Amino acid sequence: MSKYCFGVDLGGTTVKIGLFTPEGEVVEKWEIPTRTQENGSKILPDIADAILAKMQERGIAREAVIGVGIGVPGPVDDAGVIYRAVNLGWGVFNINETLGGLLGIDVKAGNDANVAALGEMWCGGGKGYKDIVLATLGTGIGGGIITNGKIVTGSKGAGGEIGHIHLVDDEPDACGCGNHGCFEQYGSATGIVRLAKRRLAASEEDSVLRTAQAEGTLSAKAVFDAVKGGDKIACEIAEEFGSYLGKGFAAIAAVVNPEVFVLGGGVSKAGEILFGYIAKNYEKYAFHACRNAVFKLATLGNDAGIYGAAKLVLG
Ligand SMILES: [Zn+2]
């Protein structure tokens with residue numbers, strides 16, 4: 001009998017579901033809407049219905065399903081207890097027990113960013129490594145830490161929240177978390193735009209980024225395109241940005257000593273140029289025994305969550 005597992009990535013608007021073989025082949029993937037009304041009480045029943053319908057359609061027996069893994073947008077501990085997910089209207093309850101009860105199949109839940117890191121280790125940019133840090137540089141910095149093949153969950157599921165490492169004391173703007181001076185205020189796509197605006201306001205020097213700012217197209221991509229064109233101000237902004245990323249990653253490395261940092265999200269599209277600025281600064285700030293960590297691109301994109309969720313149940 002062929003064996004299967006399901007990987008579920010629960011987002012605020014859609015639920016991605018993948019049917020996998022234990023070897024990491026995607027047999028099929030599809031999406032259903034996330035119905036957040038009535039405090040999100042329909043979400044898990046909808047997911048259970050979708051999975052049971054797929055098993056019936058394909059003639060897959062319960063005994064053939066190793067388990068269902070699910071990544072959710074909130075802190076989840078190792079027992080599957082979620083400590084609130086504001087976007088979904090969820091309070092505190094045990095996802096493993098609730099969804100497992102609806103399915104009659106073993107369920108393992110994890111935080112979505114941590115689960116994505118597991119996916120990148122299994123089949124993506126971190127393949128072949130067991131100690132990885134995933135950093136998704138987008139609106140914020142999403143992160144997940146894998147040590148010896150296992151997610152670092154922490155006591156309340158907030159392990160791997162690398163975006164909120166405190167880096168700067170005198171930051172006037174508040175981070176989304178309410179604190180001031182968090183890593184993601186500098187090292188994300190939003191962060192580099194903030195750095196760019198501050199740098200442009202600090203002098204009157206010429207830069208192609210002034211045109212971009214006037215046209216409302218100042219973005220992480222605009223900065224790195226200008227770096228490629230040799231724009232002096234853009235190079236200074238990239239240097240500052242790389243310095244924050246180097247400091248943040250060096251702080252993480254001193255705790256978990258990863259083999260590889262896997263970078264995803266919009267900013268990572270800047271590619272080799274970005275890696276150069278980060279690696280140079282990382283080597284400057286990292287403890288000597290951590291310096292040989294390498295930087296690689298995430299390769300699974302939006303599918304990292306379903307891969308990692310499937311891997312959760314495979315162990
Ligand atoms: Zn924060």
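No experiment lies behind these values; they were computed from the predicted model shown. Counting starts at 1 for both ligands and their atoms, in listed order. Worth knowing before you read on, the calculation uses all heavy atoms, side chains too, and leaves out hydrogens, waters and symmetry mates.
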Using residues 49-59 as the side-chain source, report each donor-acceptor pair under 3.5 Å to any protein atom, sequence neighbours left out, with the distance given to one decimal.
from	atom 1	to	atom 2	distance (Å)
K54	NZ	E28	OE2	2.7
K54	NZ	E57	OE1	3.3
R58	NE	E28	OE1	2.9
R58	NH2	E28	OE1	2.8

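- A cation-pi arrangement is absent between R291 and Y282 under the rule of less than 6.0 angstrom and at most 45 degrees off the ring axis.
- Of the candidates Y129, F295, F275, F261 forms a ring-ring contact (aromatic ring centres under 6.0 Å, His included) with just one, namely F295.
- For Q185 and Y244, the side-chain atoms include no donor-acceptor pair closer than 3.5 Å.
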Output a table of donor-acceptor pairs, distance under 3.5 Å, between side-chain atoms of residues 299-315 and any protein atom two or more places apart or on a different chain; print 'none' if there are none.
from	atom 1	to	atom 2	distance (Å)
T299	OG1	G125	N	3.3
D303	OD1	K29	NZ	3.4
D303	OD2	K29	NZ	2.4
K311	NZ	G315	O	2.8

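- E239 meets the side chain to side chain contact (heavy atoms under 4.5 Å, CB included) test with Y277, K280, N281; sequence neighbours excluded.
- The count of protein N, O or S atoms under 2.8 Å from the Zn ion (ligand 1) stands at 4, with waters excluded from the count.
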